[in-house]
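Chain letters run A, B, ... following the sequence lines, proteins first and then strands; every chain starts at 1. Please read all numbers here as calculations on a predicted model, not as lab measurements.
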Amino acid sequence: KKRYSKSRAKVLNPEVVVKIKKTRRLKANDRERTRMHSLNDALDELRVTLPTFPDDAKLTKIETLRFANNYIWALSETMKVIDL
DNA sequence: TAGGCCATCTGGTCCT
DNA sequence: AGGACCAGATGGCCTA
């Protein structure tokens, strides 16, 4: 006697499978978009921390990261001097 | 118009 | 299993 009635591997209409895959992808895309937006928000917060002239063009992502790195380095050097 | 920047989609891998 | 993270691909927009 076979009893797959409770089998997890339900045989689904292939048309339905395609539909499920599509909706999963769309959902994943949506999450990915949200994730990238939050990354960009963090980058924006970092930008306002950095000292720039008001009429300067907005720093690009890579510029922001490099500048931040450089700025932190400069500040820590300053601290070293102060500590002397 | 070539090159840089960016947003988005996608499939693979890792993590919970 | 499903979500998070990641890197590559693609296409749009801008400007030197």
Checklist line | Any donor-acceptor pair under 3.5 Å from R47(A) side chain to T64(A) backbone | finding: no

Item checked: Rounded distance (Å) that lies between atom C1' of dC14(B) and atom CD of E32(A) -> 14 Å

Next item on the list: Not counting sequence neighbours, which residues clear side-chain hydrogen bond (donor to acceptor under 3.5 Å, both in side chains) with E77(A)? List them please.
Entry: K80(A)

Note to self: So R24(A) and K21(A), do their side chains get closer than 4.5 Å, heavy atoms only?
What the structure shows: no

Check: If you check the R31(A) side chain, which of dA4(C), dT8(B), dG2(C) turns out closest?
Finding: dA4(C)

Item checked: Side chain of R33(A) (C-beta onward), nearest among dA4(C), dC5(B), dT8(B) -> dT8(B)

Notebook entry, point to check: With a non-hydrogen cut-off below 4.0 angstrom, is R35(A) in contact with a base, only sugar-phosphate, or nothing?
Noted result: base

Margin query: In whole Å, I'd like the distance from the NZ atom of K21(A) to the C1' atom of dT10(B).
Written below: 14 Å

Checklist line | Between C1' of dC6(B) and CG of N40(A), the distance in whole Å | finding: 9 Å

Next item on the list: Would you tell me if any nitrogen or oxygen in the side chain of K27(A) comes within less than 4.0 Å of OP1 or OP2 on dG2(C)?
Entry: no

Note to self: Once hydrogens and angles are ignored, does a donor-acceptor distance under 3.5 Å link the base of dG11(B) to the side chain of R25(A)?
What the structure shows: yes

Check: dC5(B) C1' sits how many Å from M36(A) CE, rounded?
Finding: 13 Å

Check: So, is K61(A) near the phosphate of dG4(B), with a side-chain N or O under 4.0 Å from OP1 or OP2?
Finding: no

Notebook entry, point to check: Just how far, in rounded Å, is P of dA1(C) from CZ of R24(A)?
Noted result: 8 Å

Check: When you check the gap from the basic side-chain N to the acidic O, do R33(A) and D30(A) get nearer than 4.0 Å?
Finding: yes

Next item on the list: Output yes when at least one side-chain N/O atom of N29(A) is less than 4.0 Å from OP1 or OP2 of dT10(B), else no.
Entry: yes

Margin query: Just the rounded figure in Å: distance from P of dG2(C) to CG of L26(A).
Written below: 16 Å

Check: So which of E32(A), K27(A), R25(A), R31(A) actually passes side-chain hydrogen bond (donor to acceptor under 3.5 Å, both in side chains) with N29(A)?
Finding: R25(A)

Notebook entry, point to check: To the nearest Å, how far apart are D30(A) CG and dC5(C) P?
Noted result: 15 Å

Margin query: Any side-chain N or O of H37(A) below 4.0 angstrom from OP1/OP2 of dA7(B)?
Written below: no

